Amino acid sequence: QQPVQSPQAVILREGEDAVINCSSSKALYSVHWYRQKHGEAPVFLMILLKGGEQKGHEKISASFNEKKQQSSLYLTASQLSYSGTYFCGTEFPDGQNFVFGPGTRLSVLP
Amino acid sequence: DAGVIQSPRHEVTEMGQEVTLRCKPISGHNSLFWYRQTMMRGLELLIYFNNNVPIDDSGMPEDRFSAKMPNASFSTLKIQPSEPRDSAVYFCASSLDSSAYNEQFFGPGTRLTVL
């Protein structure tokens, strides 16, 4: 069961903030976030495992809500290098295979 | 560390031909994943291995697809016979193990075009 990501695409100016959401109709075991630049492989950003967990990496952070059905990725003061497609990957407690969301295309303009 | 290595990087073949994609995971990683990426279907998990053993191949689209991992440092994904709809980028990824705690390291991918 593929998670839903929103928005599908977003365009920002340098320095602006963005939020990308990943949601599921049932509780998740974990959420992984990856970024893929055009023509390259996905690169790992972070994993969230516990309801209520928040993690940060420089100006990119993420949260996993208490019910473990939604995660949000926060990009603060975006830089040109943030451009790419962001994927959430999810696992379910019932052992369903790891599934990536459809992706959110982020474009940061000068 | 060289990271995950995939070969070839690009493959162009004609419909009906056999295609073999190769992957060398990061040394010490016990899990290996094969993904297919297309514009229409996104990133799809095809199969993954733990300690060289296929755990779940439910993502393999058809019997034309097969994957093997004869040892800890090598895996192949074979398509026989290939069809134009198999055109995609195929990624191999490895992780320490398949638990939820571990990030996956992706190889550069193989871009397959079937004419």
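The shown structure was predicted, so the numbers you read here are calculated from the model rather than taken from an experiment. Sequence lines set the chain letters: A, B, ... in the order given, protein chains first and strands last, and positions in each chain run from 1.
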| Reported CZ-to-CD distance for the pair A:F100 and B:Q104, which is rounded to 0.5 angstrom |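 Going from the CZ atom of A:F100 to the CD atom of B:Q104 covers 5.5 Å.
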| query | What part of B:F33 lies closer than 4.5 angstrom to a heavy atom of chain A: side chain, backbone, both or neither? | reply |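 For B:F33, neither part sits under 4.5 Å from chain A.
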| task | Heavy-atom distances under 4.5 Å only: say whether B:E44 touches chain A with side chain, backbone, both or neither. | result |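 Contact with chain A involves no heavy atom of B:E44 at all.
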Cluster link [X] to [Y], ILVMFWY, side chain under 4.5 Å:
X: B:V4; Y: B:L46; answer: no
X: A:I20; Y: A:I60; answer: yes
X: B:L32; Y: B:F91; answer: no
X: B:Y48; Y: B:M60; answer: no
X: B:L43; Y: B:L21; answer: no

Which heavy-atom pair separates [X] from [Y] by the least distance, and what is that distance?
X: B:Q37; Y: A:F87; value: NE2-CZ, 3.6 Å
X: B:L45; Y: A:F98; value: CD2-O, 3.7 Å
X: B:N102; Y: A:H32; value: O-CE1, 3.7 Å
X: B:G107; Y: A:A41; value: O-CB, 3.0 Å

| Over 12 foreign heavy atoms within 6.0 Å of CG, B:N71 |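 Yes - once you tally the heavy atoms of other residues, nucleotides and ligands closer than 6.0 Å, there are more than 12.
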| query | Do other residues, nucleotides or ligands put more than 12 heavy atoms under 6.0 Å from A:R105 CZ? | reply |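 Check fails, neighbour count at 12 or below.
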| request: Under 4.5 Å heavy-atom distance to chain B, tell me which part of A:P102 shows up: side chain, backbone, both or neither. | output: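 For A:P102, neither part sits under 4.5 Å from chain B.
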| query | Between A:E40, A:Q36, A:M46, which shows the greatest number of heavy-atom pairs under 4.5 Å with chain B? | reply |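 Option with the greatest count: A:Q36.
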